[in-house]
Engineer: 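Please see the structure below; I have some questions.
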Amino acid sequence: MVAMARELAHEFVFRFGHEPKMSRAPGRVNLIGEHTDYNDGFVMPAALEFATLVAAAPRADRRLRAYSMTMDETREFDLEAPAGARREWSDYVFGVAVMLERSGRRLNGADLAIWTDLPLGAGLSSSAAIEVSVAHALLTSADLPFDPVPVAKLCQRAENEFVGMRCGVMDQYVSACGVKGNALLIDCRSLESRNVPIAPNLRLLVANSNVRHQHAGGEYNARRAACEEGVRLLARALGPIAALRDVTLADLEANRKRLPDLVFGRCRHVVSENERVLEAERALRSGDFVACGKAMNASHASMRDDFEITCPEVDFLAAAAQGLRGVYGSRMTGGGFGGCTVSLVEASEVERVSQILVDDYRVGCGRKAEVFVCSPSAGAGLVRLE
Ligand code: GAF
């Protein structure tokens, strides 16, 4: 990462002619707790070593100039006359600038050069990583503090209101607040979190199905709408409830007839997933990796059958991993409709498991899977260039 940061700094000097500071924000893998964040529930992600870097330096005017090394494109934006979304990568950059300014944080103009090693659209939060790293860079350029939780909320807002994706706060939160060696148990209602150490004998194995998800295609927003519909219908029986966080499985079963089958399934996933997150946290803390794995496997089944956000390729990868010695549990991670699985694997078995997964996936699905052994990293911050 430091070598890449130096290369990006050189590119920056070449393009813009002055020395940058370097901000970094990571992607994430979610161990468990899918589509619970926007239901005020619990999630347990870890920040990754894969990250987005933003080299930045202030300008004397109020213009933003952003160069993406990945796209090899430059875009400009005037903070004095903010334009709307263009439906492309720069929306994540300028959307964040707009929300920071709307929150009362007055920014300088800035030159930015952006690079990432996160696979795009693979469910590892490349969007949150660019938002949070840009927020860090713009705040640093303006000599303003980076308050991780409020900034994560503003980045979520940029994605909700500027990009048009109604995501929850999980990805931005862990990208801003991640802690090396730990997953975070985040309460998405109180916005408090606690560290959950990943034992040294465990590895998080991420397998990319190379099937691309389609959040923007509306499936994600449709799931969110179904959850809101569930709350509205359940409130008739349960009184004023704010979110599915306020519903128990017993409440749900008792009111099954009030909900269309589809909405019932969506709600059952969210309500049961919240319980599984807390069980997985308990299990990880007490060294009961088998119980943690069981919760992960059940989470996958619930996403597949009740929430219907998996696809045959990720179902294949999860099932293949679940059947292997040394794997405690495996599930799809992220928003869904493709992307990656995450498996909790005994360290001594991780290479063998990786190889089998790649081979089985090639034979079973005729596709290439990439596998990454991941270590939980720290959240956003400055990268030292010396
Ligand atoms: C995406 C969203 F951005 C998150 O907020 C979360 O809802 C996740 O899908 C599903 O758990 O990553």
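Index from 1, following the sequence. Just so you know, these numbers come straight off a predicted model, no measurement behind them. Remember, it's 1-based here, ligands and their atoms both numbered in the order they're listed.
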Engineer: Mind checking whether M303 has a heavy atom under 4.0 Å from ligand 1?
Structural biologist: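 No, that is not the case, since the closest heavy atom of the residue is not under 4.0 Å from the ligand.
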Engineer: In terms of atom number and element, which parts of ligand 1 are under 4.0 angstrom from non-hydrogen atoms of M170?
Structural biologist: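 Near M170, meaning under 4.0 Å from one of its heavy atoms, ligand 1 has 6 (C), 8 (C), 11 (O).
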Engineer: Using the rule given for side chain to side chain contact (heavy atoms under 4.5 Å, CB included), can you reason through C188 versus F42, listing the C-alpha separation, both sets of side-chain angles and the distance that settles it, and then say yes or no?
Structural biologist: CA-CA 6 Å; C188 298; F42 302 105; over 6 Å; no
Engineer: Show which side-chain atoms of residues 143-152 pair as donor or acceptor with protein atoms under 3.5 Å away, not counting sequence neighbours.
Structural biologist:
none

Engineer: If you link I, L, V, M, F, W and Y whenever their side-chain heavy atoms are under 4.5 Å apart, who else ends up in the same group as F16?
Structural biologist: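 F16 clusters with M1, M4, L8, F12, M22, L53, Y67, M69, W115, V383, L385.
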Engineer: With only distance considered, is M165 within less than 3.5 Å of ligand 1 through an N or O on each side?
Structural biologist: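 Between M165 and ligand 1 (N or O atoms, distance only) the closest approach is not under 3.5 Å.
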Engineer: Mark up the atoms of ligand 1 that fall under 4.0 Å of a heavy atom belonging to R28, in ascending order.
Structural biologist: 12 (O)
Engineer: Heavy atoms only, cut-off 4.0 Å: how does Q172 contact ligand 1, side chain, backbone, both, or neither?
Structural biologist: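 Near ligand 1, Q172 shows nothing, with every heavy atom at 4.0 Å or more.
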Engineer: Going by the order shown, which atoms of ligand 1 are within less than 4.0 Å of some heavy atom of G168?
Structural biologist: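 Checking each atom against G168, I get 5 (O).
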Engineer: Classify the ring geometry of Y38 against Y220: parallel below 30°, tilted from 30° to 60°, perpendicular beyond 60°.
Structural biologist: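 Answer is perpendicular, since the angle exceeds 60°.
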Engineer: Could you please spell out the steps behind the side chain to side chain contact (heavy atoms under 4.5 Å, CB included) verdict for R63 and L79?
Structural biologist: CA-CA 6 Å; R63 294 190 76 77; L79 289 168; over 6 Å; no
Engineer: Centroid separation under 6.0 Å, is that true for the rings of F50 and F372?
Structural biologist: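 For F372 and F50, the ring centres are under 6.0 Å apart.
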Engineer: Does the N or O separation between Y38 and ligand 1 drop below 3.5 Å for any pair?
Structural biologist: no
Engineer: Under 4.0 Å from a heavy atom of C167: which atoms of ligand 1 are those, numbered in the order shown and with their elements?
Structural biologist: 2 (C), 3 (F), 5 (O)
Engineer: Any idea which atoms of ligand 1 are less than 4.0 Å away from a heavy-atom of Y220?
Structural biologist: 1 (C), 2 (C), 4 (C), 5 (O), 6 (C), 7 (O), 9 (O)
Engineer: Of the listed options (N39, N30, D37), which comes nearest to atom 6 (C) of ligand 1 when hydrogens are ignored and any heavy atom counts?
Structural biologist: D37
Engineer: Do R24 and S377 have side-chain atoms, one donor and one acceptor, less than 3.5 Å apart?
Structural biologist: yes
